[in-house]
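What follows is a short report on a single structure.
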Protein chains: 2
Amino acid sequence: MKEQIGDMSVQDSPFARKLSAFVRLSKDDLLVISDLYRRRRDFDVGSDMIHQGQTNQSAYVLASGWASSYKILIDGTRQIVDFQIPGDFIGLRSVLFRTSDHNVEPITPVQASEVHQRDLLDAFTRTPRLATAVLWAASRDEAMVVEHLVDLGRRSASVRMAHFFLELGARLRLVGMANQTGFDCPLSQSLLADALGLSAVHVNRVLRELREAGMLTFQKGKVVYDNYEALTEFAGFDRNYLDHNGPLLP
Amino acid sequence: MKEQIGDMSVQDSPFARKLSAFVRLSKDDLLVISDLYRRRRDFDVGSDMIHQGQTNQSAYVLASGWASSYKILIDGTRQIVDFQIPGDFIGLRSVLFRTSDHNVEPITPVQASEVHQRDLLDAFTRTPRLATAVLWAASRDEAMVVEHLVDLGRRSASVRMAHFFLELGARLRLVGMANQTGFDCPLSQSLLADALGLSAVHVNRVLRELREAGMLTFQKGKVVYDNYEALTEFAGFDRNYLDHNGPLLP
DNA sequence: CTTAGGGGCTGATGTAGATCAGCTTGCCGT
DNA sequence: ACGGCAAGCTGATCTACATCAGCCCCTAAG
């Protein structure tokens with residue numbers, strides 16, 4: 001049971017797969033990971049996984065389902081910082097800082113492995129490569145946040161939207177949940193609004209715009225790339241911005 | 001010479017000081033750091049330290065001066081992601097990803113220690129605590145980027161500006177370059193504009209607004225908090241958002 | 001079957017901030 | 001001792017998006 005996650009072995013879990021992409025992990029490393037991985041938990045929509053201000057929080061690795069991490073402002077509005085999909089690490093900062101600076105909420109029912117602070121830090125000292133791997137993963141997340149920052153600062157609503165769906169598609173493809181033609185997407189228009197810094201009304205109009213321009217359709221929980229070429233062109237999307245050419249540590 | 005940086009010992013360098021704040025570092029750890037720290041380089045305004053797309057970049061630790069990291073868009077506009085002040089790590093992502101996803105440019109003449117990719121990764125395997133420390137520092141940077149994201153997504157220009165100067169002041173205070181009354185600030189209004197996602201014209205008006213409201217004055221390279229209380233209130237600034245209550249690893 | 005609530009959708013109106021245009025000041029090089 | 005040029009500053013106009021208001025449709029609960 002220790003090396004098995006549901007019916008797949010550790011090496012095949014999205015998380016280990018993602019880490020292996022940039023730091024080659026030994027059998028021992030994988031064992032340490034599988035140990036971290038033991039505790040499975042389920043969350044329903046509406047029950048926060050992590051929330052702002054709370055201390056001594058665990059982190060999680062998402063096994064299935066989608067989540068969103070966000071911040072609430074004094075005036076009640078919120079800004080979604082990112083969506084999490086299977087394989088993503090959740091709440092790393094709330095572990096490292098001891099008190100969480102953001103919320104994480106399931107968008108669909110979620111299965112996740114709980115990782116305790118102590119276990120994580122122990123694992124780092126025992127297997128330094130893992131620490132490097134997690135640093136890498138954290139940096140990749142930061143790169144995405146930076147890209148979102150640029151979106152909000154300097155791109156128009158429609159370009160922003162296009163960029164968002166291209167990035168999301170690229171991420172989902174890495175875990176086999178999307179292909180060139182599109183993907184299933186459980187996000188509502190108001191979630192999109194909170195992520196893109198727009199009003200829900202405007203999200204609706206922009207989606208129509210993209211649809212009528214024959215570039216992308218998002219309806220009934222499905223995203224379809226009607227013209228991938230035109231869309232990447234329109235968004236100025238760097239198509240290999242999530243590829244990082246091979247393992248860093250051999 | 002090895003344990004001395006200029007005229008101060010390693011433990012006193014802003015970088016080591018920052019890291020020590022959250023991971024207690026042994027004498028050995030400090031030695032490894034001082035070794036990383038050897039290579040000193042100077043940069044003038046106008047000569048990029050790091051630029052987008054370039055591979056096999058070094059990282060740097062800023063010893064003196066200010067820098068800005070930014071991205072350029074296809075249409076020529078740019079978005080500044082963050083400013084770096086002494087003690088800050090620069091270009092970590094460009095080392096971990098092997099090719100840089102952003103630019104870094106000095107704002108004032110800069111002195112920095114160059115850190116080679118190999119040395120950094122070696123240091124991680126030799127002293128796992130250092131890896132954890134750097135992970136922590138990277139996460140702290142991410143937290144700031146997230147805060148900027150919220151700024152751009154959901155805060156008005158004036159609140160954004162107020163928040164920016166409060167955060168900057170807090171960071172500068174950590175390295176002894178500011179106090180409660182204000183600090184020296186080499187940023188131009190158009191740099192502010194590129195950082196806050198505004199036009200230079202609007203930055204000017206917002207600065208006037210804050211000044212006339214008696215909250216903050218930024219003129220002739222000096223920031224003065226005219227009414228710190230009112231300002232934090234106005235910005236909804238969490239005054240301990242960069243404190244992370246003591247070392248993570250004892 | 002009826003209703004209540006959430007998501008999507010649309011038109012009308014309002015506004016924060018961009019853009020354009022120009023003017024002033026200080027600074028740097030010749 | 002003068003031109004050039006970046007930084008700051010200001011007024012007038014324009015526009016991308018928000019806000020407000022209301023409709024339809026679907027599902028879930030009574």
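Keep in mind that the numbers below use all heavy atoms, side chains included, and drop hydrogens, waters and symmetry copies. Below, chain A is the first sequence line, B the second, and so on; all start at residue 1.
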Specify the separation, in whole Å, of atom [atom1] of [X] and atom [atom2] of [N].
X        : N      : atom1 : atom2 : value
B:Lys220 : C:dG26 : NZ    : C1'   : 8 Å
A:His202 : C:dC9  : NE2   : C1'   : 15 Å
A:Arg205 : D:dT19 : CZ    : P     : 12 Å
A:Leu198 : D:dT19 : CG    : C1'   : 14 Å
B:Leu196 : C:dA16 : CG    : C1'   : 15 Å
A:Arg160 : D:dA18 : CZ    : C1'   : 13 Å
B:Leu192 : D:dA7  : CG    : P     : 12 Å
B:Gln189 : C:dT25 : CD    : C1'   : 13 Å

Under 4.0 Å: is that the gap between some side-chain N or O of A:Asn204 and OP1 or OP2 of C:dC9?
->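 Yes, within the criterion.
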Does a side-chain N or O from A:Arg208 land closer than 4.0 Å to OP1 or OP2 of C:dT10, or not?
->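 So the side chain of A:Arg208 is within the cut-off, an N or O lying under 4.0 Å from OP1 or OP2 of C:dT10.
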Which value, rounded to the nearest 0.5 Å, describes the distance between B:Met49 atom CE and B:Asp42 atom CG?
->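 Here the interatomic distance stands at 10.0 Å.
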Return the nearest nucleotide to the side chain of A:Ala157; candidates are C:dT19, D:dC17, C:dG17.
->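 So the nucleotide nearest the side chain must be D:dC17.
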Given D:dC9, D:dC17, D:dA21, which nucleotide is nearest the side-chain atoms of B:Gln219?
->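 Ranking D:dC9, D:dC17, D:dA21 by closest atom to the B:Gln219 side chain puts D:dC9 first.
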CG/A:Asn56: more than 12 non-hydrogen atoms of other groups inside 6.0 Å =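 Counting other residues, nucleotides and ligands, CG of A:Asn56 stays at 12 neighbours or fewer.
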Once the angle between the rings of A:Phe165 and A:Phe183 is folded into 0 to 90°, is it parallel (under 30°), tilted (30 to 60°) or perpendicular (over 60°)?
->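 The arrangement is tilted - the two ring planes meet at 30° to 60°.
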How are the rings of A:His148 and A:Phe164 set relative to one another: parallel (under 30°), tilted (30 to 60°) or perpendicular (over 60°)?
->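 Rings of A:His148 and A:Phe164: tilted, 30 to 60°.
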Upstream residue (5' side of DNA chain C) when A:Arg154 and A:Arg211 are each assigned their closest nucleotide |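 Final value for this comparison: A:Arg211.
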Contact class for B:Gly197 vs. all strands (heavy atom < 4.0 Å): base, sugar-phosphate, or nothing?
->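 Counting heavy atoms under 4.0 Å across all strands, the contact made by B:Gly197 is with sugar-phosphate only.
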May I ask you to say what B:Ser188 touches in the nucleic acid, namely base, sugar-phosphate or nothing, with a heavy-atom cut-off under 4.0 Å?
->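 Result for B:Ser188 = sugar-phosphate.
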Between B:Tyr228 and B:Gln180, is any side-chain donor less than 3.5 angstrom from a side-chain acceptor?
->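 Side chains of B:Tyr228 and B:Gln180: no pair found under 3.5 Å.
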Compute whether any side-chain donor of one residue and acceptor of the other, for A:Ser113 and A:Arg40, lie under 3.5 angstrom apart.
->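 There is such a pair between these side chains.
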Please give the angle, rounded to 10 degrees, between the axes at the start and the end of the helix from C:dC1-D:dG30 to C:dC28-D:dG3, where five pairs define each axis.
->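 Terminal axis comparison yields 30°.
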Ionic contact status for A:Asp141 with A:Arg93, cut-off 4.0 Å |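 Looking at A:Arg93 and A:Asp141, the cut-off is not met.
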